[in-house]
Amino acid sequence: MAILVIAEHDHASLKAATRNTLAAAAKLGGEAHLLVAGGNAAGAAAQGAAAGGVAKVLLADAPQYAEQSAENLAALVVSLAGGYSHILAPASSFGKNFLPRVAALLDVAQISDIVGVLSADTFVRPIYAGNALATVQSADAVKVISVRATAFDALPEGGSAPIENVAAAADLGFSKRLGQELTKSERPELGAAKIIVSGGRGLGSGENYKKVLEPLADKLGAALGASRAAVDAGFVPNDFQVGQTGKIVAPQLYIAVGISGAIQHLAGMKDSKVIVAINKNPDEPIFQIADYGLVADLNEAVPELVAAL
Amino acid sequence: MKVLVPVKRVVDSNVKVRAKADETGVDLANVKMAMNPFDEIAVEEAVRLKEKGVATEVVVVSCGPAICQETLRKALEVGADRAILVDVGDIEVQPLAVAKLLKALVAKEAPQLVIAGKQAIDDDANQVGQMLAALQGWPQAAFASKVEVSDGKARVTREVDGGLETLEVPLPAVITADLRLNEPRYAKLPDVMKAKKKPLDATTPAELGVDVAPRLKTLKVSDPPKRQGGGKVADVADLVNKLKNEAKVI
């Protein structure tokens, strides 16, 4: 049976996590259909057609999908669910929002945040902030699954799948979006960046966060991240947060500056290929998982690092 | 307006759990337990709505073994009015089953608002609030960092991957609490004493007519791959050299 993958996109283009979710679908066997539900989402659908591992794009283009509300999206997915063995979405704030509604309406369990596919019904997922891995088996007729993007490498691009228009479901008209404050940045998307420079409470202030970390991120072409402590203290907006309940990242290089390394933060970045920690306190737990720990005052070490690169 | 808040008893957030040697689960023997941190935030928000005169009663619910009464008492100590234990015995209740139990209680209690924690820090599922909203046919506002309720509507600021989004949803609705919604208070001693007299009722899945049989079978729980860390560099020059020539990542 076929697999339905729900695309995360901004109408004009696909978000990177969609490609990782398609890679997870490929491990299940069976052809994958990519649902692009949006308002004027032809751009995203075209990218979906070219993405690796897509047999067919289903485009539901209607005004009620412009805001991607959980209620409307879930109703649409349920209306299309017949005939699919698996329904997958990225375990991002987008997928986490609507996918449990789909599972509940289909009266099946959801398997959250998988990091491994062992067979068509058996999956590996982290629990307890990634301190344990559970292998779970689903007996449900349809498997509803959210996928941890960092655990699956995107397939090569270059497909040319057909795009089929599908009917929109009725507009439930539940929620109204009053506003959005999206962080605008020229830097790479945090979830897909190859290098991340991340700051914690040790930076002291939002001003110092910018002053110290931005030149380093600029030099490396890196995304900027933060610990919960730095976000709670108001140094940076919420979407910078890396951790158990923030973004899960696994870049080639993660540079943790002034971050102590709470369990919840480690849960979001410990699968990074190389971890650098810069902190003046040698006893911080971040050093236990860092490949390269530098015990130093970050206000001196980071500018020195920028100059040396 | 009545507000219903589900709370879960979980391992304390400061405990680093490990898989048992026989890989049948995690080792919770003699481990400190606490209310799920996101549920504490949900309780606090409901209590604040009551203090503002928006809510009239805050009812807390826990679905789990009898010992979850302790967790419910904690919620009563910080201002919830009444508690309901759904005693499931020793079986593991999975998110879909919890959502169904809550649906049965919503039918009895008729709250206008359910505020749930966005995620429990044990199974990290992040499902119950959204599932309950779907089963009720209600709107939802998940991952809330700000909530205002008036005129039968909730205006909720949500933390999303790109930043913040503000939604308006008509009540009844489900809101799930994110970290920055509020800072939960500590209970004062007189409130602890008062809480002992607040009503705590018990029911069971059978009485509520809900099948809570698990849908997912856990075959194994294991430790994640160990990371070889702990390496140190002498100075910035050494770091740059190692990143370029050893790790080859820059």
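Lettering follows sequence order; numbering is per chain, from 1. Heavy atoms only: backbone and side chains are in, while hydrogens, waters and symmetry mates are out.
When each of B:V169, B:V233, B:V10 is scored by its heavy-atom pairs under 4.5 Å with chain A, the top score falls to B:V233. If you tally non-hydrogen atom pairs under 4.5 Å between each of B:D124, B:L243, B:D238 and chain A, the highest count goes to B:D124. Your options are B:T218, B:V17, B:V11, and the one with the most heavy-atom pairs under 4.5 Å with chain A is B:V17. Comparing B:E23, B:R18, B:R215 by how many heavy-atom pairs each has under 4.5 Å with chain A, the most go to B:R215. Interface check for chain A: of the options B:G163, B:P139, B:S222, the most heavy-atom pairs under 4.5 Å are formed by B:P139.
Note on A:D107 versus B:K100: salt bridge recorded, some NZ/NE/NH1/NH2 to OD/OE distance being below 4.0 Å. Between B:D123 and A:R125, none of the side-chain N atoms (NZ, or NE/NH1/NH2) sits under 4.0 Å from a carboxylate O, so this pair counts as no salt bridge.
The contact between A:A290 and chain B is made entirely by backbone atoms, counting heavy-atom distances below 4.5 Å. With a 4.5 angstrom heavy-atom cutoff, A:L253 touches chain B only via side-chain atoms. Both the backbone and the side chain of A:L294 come within less than 4.5 Å of a heavy atom in chain B. Of the atoms belonging to A:Q264, it is side-chain heavy atoms, and not backbone ones, that fall under 4.5 Å from chain B. Using a 4.5 Å cut-off between heavy atoms, A:I195 touches chain B through its side chain atoms alone. Both the backbone and the side chain of B:L164 come within contact range of chain A, each with at least one heavy atom under 4.5 Å from a heavy atom of that chain. Looking at A:E71, the atoms closer than 4.5 Å to chain B (heavy atoms on both sides) all sit in the side chain, from C-beta outward. A:T122 touches chain B through its side chain: at least one heavy atom from C-beta onward sits under 4.5 Å away, while N, CA, C and O do not. When heavy atoms are compared at a cutoff of 4.5 Å, A:L178 approaches chain B by way of both its backbone and its side chain. If you measure heavy-atom distances from A:A296 to chain B, you find no contacts under 4.5 Å at all. Residue A:V115: no heavy atom, backbone or side chain, is found under 4.5 Å from chain B. Heavy atoms of B:A99 lying under 4.5 Å from chain A are absent altogether. For B:A120, no part sits under 4.5 Å from any heavy atom of chain A, backbone or side chain. Of the two parts of A:K273, the backbone and the side chain both hold a non-hydrogen atom closer than 4.5 Å to a non-hydrogen atom of chain B.
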With side-chain contact (heavy atoms from CB on, under 4.5 Å) as the test, would you mind laying out the steps for A:V231 and B:R180 before giving the verdict? CA-CA 9 Å; A:V231 178; B:R180 279 170 283 274; 3.3 Å; yes

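Between B:V26 and A:A132 the shortest heavy-atom distance is CG1-CB, 3.8 Å. In terms of heavy atoms, B:G137 sits closest to A:F174 at O-CZ, 3.0 Å. The two atoms that bring A:K96 and B:F143 nearest to each other are CB-CZ, 3.7 Å, heavy atoms only. In this structure, B:V236 and A:A308 approach most closely via the heavy-atom pair CG1-CB, 4.3 Å. Between A:I263 and B:V15 the shortest heavy-atom distance is CD1-O, 3.8 Å. A pairwise comparison of heavy atoms in A:Q110 and B:L216 identifies O-CD1, 3.9 Å as the closest pair.
Interface residues of residues 239-247 of chain A toward chain B, defined by a heavy-atom distance below 4.5 Å and sorted by number: A:D239, A:Q241, A:Q244, A:T245, A:K247. Taking 4.5 Å as the heavy-atom cut-off, the residues of residues 125-132 of chain B that approach chain A are B:A125, B:N126, B:Q127, B:Q130, B:M131, ordered by number.
Between A:Y128 and B:I121, every side-chain heavy-atom pair lies at or beyond the 4.5 Å cut-off. B:P224 places a side-chain heavy atom less than 4.5 Å from the side chain of A:K270. B:K248 places none of its side-chain heavy atoms less than 4.5 Å from the side chain of A:Q252.
When each of B:K118, B:E165, B:Q140 is tested with A:N97 by the rule side-chain hydrogen bond (donor to acceptor under 3.5 Å, both in side chains), just one qualifies, namely B:Q140.
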